[in-house]
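Comments concern the structure below.
Along the sequence shown, residues are numbered consecutively beginning with 1. Each ligand, and each atom within it, is numbered from 1 in the order the structure gives.
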Amino acid sequence: MSAYHVVIIGGGATGAALAHDLTLRGVRVTVVERGEVTSGTTGRHHGLLHSGARYAVKDPESARECIQENTILRRIAPGSFELNDGLFVALTDEDLAYYDDFMEGCAATGIPTRTLSREEALRLEPNLNPDLKLAVQVPDGTMDAMRLPLRFLATAKHNGARVLPYHQVTELVFQGRAVAGVRGRDHARNRDFTLTADLVVNAAGPWAEHIARLAGVDVPVVPSPGVLVAVYGRWTHMVINRLHRAGDGDIVVPQRTLSVIGTSSWVVDDPDHLDVPEEHIRLMYEKGAEMIPALAQAPMRAAWAAARPLVGSRQAESGRELSRTFKVFDHADEGVEGFVTIVGGKATTARAMAEVTADLVVRKLGLDAPCRTREVVLLPHTAYYA
Ligand SMILES: Cc1cc2nc3c(=O)[nH]c(=O)nc-3n(C[C@H](O)[C@H](O)[C@H](O)COP(=O)(O)OP(=O)(O)OC[C@H]3O[C@@H](n4cnc5c(N)ncnc54)[C@H](O)[C@@H]3O)c2cc1C
């Protein structure tokens, strides 16, 4: 292991995958997380292992990232996914008119598809709207939002990383204009802490802008919340999407014995204060039931909101217009050495985000250490607590 120490701020999907990547490259890593690991956006996401088909027409870069990572994750995290596939269902003539663009987009981004007739789709999923016109099968899957990042963290810990939950960063430590560590509050022991580091990575998701400000730099991150509604009953086995331009309430993910309908999209200033508007819950029911009529009567188990850390400008109105791809920022470009930010992406693409970030980190540290996370099989999530 090299003598270099990197502190990662944020124990979500991105920070977890980055800890794994850097430890495999021989870097000493500490992850500091202000709450429990995955307590930010990651632990509250839909649980969809994206095939990328949702983004194939409007956001092809993100679609390519999703299908590539979907394939890699199945290999390195066996047992973490239901290999249930997804269906994009066309219900109206307008949906049908989108079919050609959708198929072209999937072909161009490398997403495998199989078109099913109405009868074939209903044979696979009898609870779908019987008026559907056709469906397209894609390699979506269901995952547990917490357990996949736990596997990254478990493997990172096994390789020497330290993970410090309930450690909130409130300040960056400077040596001149270079970031040389973090300072903050250990909420578990109710005391302050300081960690020195050769480099600090800001992987704070929708809070990344706040952390960047501690260094006096800006990152263009837009916190864009969405509401998810879990209802009783596993009404389909596959992930069900509406065959149209991505919109509200057009994905239903079966999770254990529940179905999770999502989502909506708006933009906020503060990711710590998210409403769950009643009208969004109603909209999830309404839109979900267009695809699976039984959802209309299904009792609600829970509704919650989480904020996407999207890359873009605050001029965005709903967040839907912003890409789901990701970006890494070397703040040396603004005169602050030793400080890197990674934002955007999806839980599905966290490994790729980590690879690009770790490539930059090792280059900055002067190490010659290639990425190995495409091949190394992750430890089970239970190893995190061992
Ligand atoms: C409604 C919704 C549904 C989604 N569904 C899916 C899906 O089905 N599939 C998919 O692939 N993606 C999905 N996404 C996207 C995905 O959830 C996010 O892209 C991903 O979880 C972001 O991970 P992250 O690690 O970058 O951010 P986070 O998970 O938010 O991690 C950042 C962490 O930083 C911590 N932190 C903040 N400030 C500090 C501080 N001062 N000190 C220490 N720690 C700090 C936070 O507590 C947090 O845990 C969804 C997003 C939303 C909003």
Atoms of ligand 1 less than 4.0 Å from Gly345 heavy atoms? 19 (O)

Got the closest protein heavy atom to atom 12 (N) of ligand 1, with its distance? Ala347 N, 3.3 Å

How far is atom 23 (O) of ligand 1 from its nearest protein heavy atom, and which residue and atom is that? Thr42 OG1, 3.1 Å

Using a 4.0 Å cutoff against the non-hydrogen atoms of Thr263, which atoms of ligand 1 qualify? 1 (C)

Just to be sure I'm reading this right: ignoring hydrogens, which of Pro309, Gly40, Ala354, Ala204 gets closest to atom 32 (C) of ligand 1? Compare them by their nearest heavy atoms. Ala204

Ignoring hydrogens and geometry, is there a side-chain-to-backbone donor-acceptor pair from Asp186 to Phe193 under 3.5 Å? no

Atom 30 (O) of ligand 1 - nearest protein heavy atom and its distance: Thr41 N, 2.9 Å

If the contact criterion is a heavy-atom separation under 4.0 Å, does Gly262 count as touching ligand 1? no

Identify the protein heavy atom lying closest to atom 24 (P) of ligand 1, giving its residue, its atom name and the separation to 0.1 Å. Thr14 OG1, 3.3 Å

Gly12, Gly10, Pro149, Ala16: member with heavy atom nearest to atom 31 (O) of ligand 1: Gly12

Roughly how far, to the nearest 0.5 Å, is the CZ atom of Arg242 from the CD1 atom of Ile251? 13.0 Å

Under 3.5 Å, is there a donor-acceptor pair between the side chain of Arg234 and the main chain of Leu258? no

When you look at CD of Gln175, are more than 12 heavy atoms from neighbouring residues, nucleotides or ligands closer to it than 6.0 Å? no

For atom 27 (O) of ligand 1, what's the nearest protein heavy atom and its distance? Gly205 CA, 3.5 Å

Heavy-atom distance to atom 13 (C) of ligand 1: which of His167, Glu36, His45, Gln168 wins? His45

For atom NZ of Lys364, is the number of surrounding heavy atoms from other residues, nucleotides or ligands below 6.0 Å larger than 12? yes

Please confirm whether Ile211 comes under 4.0 Å of ligand 1, counting heavy atoms of the residue only. yes

For ligand 1, which atoms sit closer than 4.0 Å to a heavy atom of Thr348? 10 (C), 11 (O)

Given His46, Glu33, Arg54, Arg34, which has its nearest heavy atom closest to atom 49 (O) of ligand 1? Glu33

Val169, Asp272, Leu18: member with heavy atom nearest to atom 40 (C) of ligand 1: Val169

How long is the span from the CZ atom in Arg301 to the OG atom in Ser259, to the nearest 0.5 Å? 13.5 Å

